[in-house]
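Chain naming here is simple, since letters A, B, ... match the order of the sequence lines and numbering starts at 1 in each. What you see is a predicted model; the values in this text were computed from it and never measured.
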Protein chains: 2
Amino acid sequence: MAQEHVIHIEGNLAVPEVVVMRLPQYLRVLEALAEEGTEVVSSEQLGLRIETTPAQIRKDFSYFGKFGKQGRGYSVRYLLAELRHILKLDGEWKVGLVGVGRLGRAILSYQGFAPAGFKVVAAFDSDSRQIGQMVGGIMVQPMHRIQEVIQGEGIQIGIVAVPAADVQRVVDRLVECNVRAIVNYAPVAVHTPQNVKVRNVDPVLALQSMTFYLP
Amino acid sequence: MAQEHVIHIEGNLAVPEVVVMRLPQYLRVLEALAEEGTEVVSSEQLGLRIETTPAQIRKDFSYFGKFGKQGRGYSVRYLLAELRHILKLDGEWKVGLVGVGRLGRAILSYQGFAPAGFKVVAAFDSDSRQIGQMVGGIMVQPMHRIQEVIQGEGIQIGIVAVPAADVQRVVDRLVECNVRAIVNYAPVAVHTPQNVKVRNVDPVLALQSMTFYLP
DNA sequence: GTTTGTGAAGTATTTCACAGCC
DNA sequence: GGCTGTGAAATACTTCACAAAC
């Protein structure tokens, strides 16, 4: 296997983050292909679906092993299983939500997390009017119980849907509770130790980075 | 000004897209600084806020001109105005929403778009039970009126919050109506002509690209 | 003394192109 | 004949380092 600038860090192969960010997209296309009943797919066909080059796809896969057969392509089922394994998506992750406002409620009733392997098992809010309410089958807990619940339930991932002003405080709290992956819906950058991953889901940034290209 | 691989295309300077994607983040930090009453800021201070290097910030700005003063730094007010101008955020953009389900309703009542310069002025749905309802001060229109309304109101940007299966059809429709910037909330990749920008707002992809790094 | 703006240097990422295998 | 896997080449992006400006 190619080594390049690829090095071992704590027993884990250092794959470029851009590559990791593309894997879930490949996964999604493969899931669609599997549902359509396609059994074998080439890097070229995948490239058409995802609007990238066949070479990029093959190179991306090559960071993890050899999954195809020359002259044939990739077995959809096999590649799907391998990618799920690589991304650690072959099990179920438990997720805790902080913030049960309008957005938080939409998140709690969103049906797209479960089939992707993410189960929201707890929700927290600091507003006493929310606490104790049932939303999407989950009872809203007070913030002061967060450590207890996260550790009791074995929650590894946080979703933060609180006002911008509260985000950093909430994220710090989650980090204290040993959560190392956080999705932040608020339009603010947060600071975390580098062993904690944060992804922002931010429609305003998305809009503001497109207007540059508009006439 | 440095030329590098920077070339003119249809009278527009070809700035790397990564740079354009960072500008809104600088804008946000500058807005926070302005509110705090800070008048001058150095690339180093900006770098600390946004977790990047001073050199990157200076290089990014250099694609557009010279905005600072040696020995001093950048005037927050002036840089803010320049960045708003570069990103074409010194006016107001009109936005049309397609899909008034739970998510669409959360989007319509989200208070974060207006201060950023985006005004949602129309909403569409194909479900006859939604049509005619008032949501967030806007009356939901039937899909067949989309061209008429988009052109009548001068809408330049679309937000799509419909089920995955309908996204491509809706996006095609928006493109026909001359919309050239689209935010897609559904977990699917869409295909558009390359003069149409699409940004996905997708919490599932965000989650799936973090689990790789979890133990 | 401080900090910008920027060529040049250094990395990272993508694409090429082809040997090897099916 | 077709398609993968991969070094090597090409391109893109980031960081360095320093002259010029204040």
Side-chain angles (χ1 to χ4, degrees), chain A residues 1-7 9 13-23 25-26 30 33 38-76 78-80 82-83 86 209, chain B residues 1-7 9 13-23 25-26 30 33 38-80 82-83 86 194 209:
Chain A
M1 186 178 176
Q3 289 301 119
E4 293 180 318
H5 50 275
V6 175
I7 43 162
I9 295 171
L13 201 53
V15 179
E17 181 146 2
V18 273
V19 174
V20 176
M21 302 274 287
R22 278 192 295 262
L23 296 184
Q25 308 194 78
Y26 300 147
L30 288 165
L33 288 168
T38 307
E39 293 189 356
V40 175
V41 70
S42 68
S43 58
E44 173 143 22
Q45 293 169 298
L46 283 175
L48 287 172
R49 292 258 193 162
I50 215 181
E51 293 188 336
T52 183
T53 63
Q56 173 137 95
I57 292 174
R58 296 201 300 276
K59 190 66 155 185
D60 284 356
F61 292 166
S62 80
Y63 285 101
F64 305 98
K66 304 182 183 195
F67 307 116
K69 293 222 190 311
Q70 277 106 330
R72 293 259 299 144
Y74 301 90
S75 154
V76 172
Y78 176 66
L79 185 52
L80 205 42
E82 288 293 319
L83 286 184
I86 290 162
S209 66
Chain B
M1 186 178 175
Q3 289 302 119
E4 292 179 317
H5 50 274
V6 174
I7 42 165
I9 295 171
L13 203 53
V15 180
E17 180 146 1
V18 274
V19 174
V20 176
M21 302 273 288
R22 279 192 293 264
L23 296 185
Q25 309 194 79
Y26 300 147
L30 288 166
L33 288 167
T38 308
E39 294 190 354
V40 175
V41 69
S42 68
S43 57
E44 173 144 23
Q45 293 170 298
L46 283 175
L48 287 172
R49 291 259 193 162
I50 216 181
E51 292 186 338
T52 184
T53 63
Q56 172 135 96
I57 292 174
R58 296 200 301 274
K59 190 65 153 186
D60 284 355
F61 293 165
S62 80
Y63 284 101
F64 306 97
K66 305 182 182 194
F67 307 116
K69 293 225 189 313
Q70 278 105 327
R72 291 257 303 144
Y74 301 89
S75 153
V76 171
R77 285 174 59 85
Y78 176 65
L79 185 53
L80 207 42
E82 288 293 319
L83 286 183
I86 291 163
Q194 16 76 298
S209 66

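Atom CD of A:E39 and atom CZ of A:R72 lie 8.5 Å apart (nearest 0.5 Å). Taken to the nearest 0.5 Å, the CZ atom of B:R49 stands 8.5 Å off from the CD atom of B:Q45. A:L46 CG to A:F61 CZ: the interatomic distance, rounded to the nearest 0.5 Å, is 6.0 Å. Atom CG in B:L79 sits 11.0 Å away from atom OG in B:S43 (nearest 0.5 Å). Of the inter-residue distances, the one linking B:K59 atom NZ with B:R22 atom CZ reads 12.0 Å to the nearest 0.5 angstrom. Note that the CZ atom of A:R58 and the NZ atom of A:K66 stand 13.5 Å from one another [nearest 0.5 Å].
Between C:dG5 and B:Y74, a contact under 4.0 Å exists linking OP1 or OP2 to a side-chain N or O. Considering only side-chain N and O atoms, A:Y63 lies nowhere under 4.0 angstrom from the phosphate OP1 or OP2 of C:dT13. Applying the 4.0 Å criterion to OP1 and OP2 of D:dC3, one finds that A:S43 has every side-chain N and O outside that range.
In this structure, the CD1 atom of A:I57 is 11 Å from the P atom of C:dT15, given to the nearest Å. One can place CD of B:E51 at 16 Å from P of D:dT14, the figure rounded to the nearest angstrom. We find that CD of B:E39 is positioned 18 Å from C1' of C:dT3, with the value rounded to whole Å. Note: CD (A:E44) to P (C:dA17) measures 16 Å, nearest angstrom. The nearest whole Å value for the distance from the CZ atom in A:R22 to the C1' atom in C:dA12 is 12 Å. Atom pair B:D60:CG and D:dT14:P shows a separation of 7 Å (rounding to whole Å applied). Atom CZ of A:F64 and atom P of D:dT4 are 18 Å apart (whole Å). The separation between A:F61 atom CZ and C:dT14 atom C1' is 16 Å, rounded to whole Å.
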**OP:** Toss me the dot-bracket line for DNA chain C: Watson-Crick and G-U wobble, both under 3.5 Å, 5' to 3', using | for pairs to another strand and [ ] for crossers.
**Re:** ||||||||||||||||||||||
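Ranking D:dT4, D:dT6, D:dC13 by closeness to the A:K66 side chain, first place goes to D:dT6.
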**OP:** Treat primed atoms plus P, OP1 and OP2 as sugar-phosphate and everything else as base, then score nucleotides 15-22 of chain D 5' to 3': B for base contact with protein heavy atoms under 4.0 Å, S for sugar-phosphate contact only, - for none.
**Re:** BBB--BBB
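Across all non-hydrogen atoms, the minimal contact from A:S209 to B:M21 is OG-SD, 3.8 Å. Pairing each heavy atom of A:V76 with each of A:L30, the nearest pair is CG1-O, 3.6 Å.
Counted by atom type alone, B:Q56 and B:T53 present zero donor-acceptor pairs between their side chains at under 3.5 Å.
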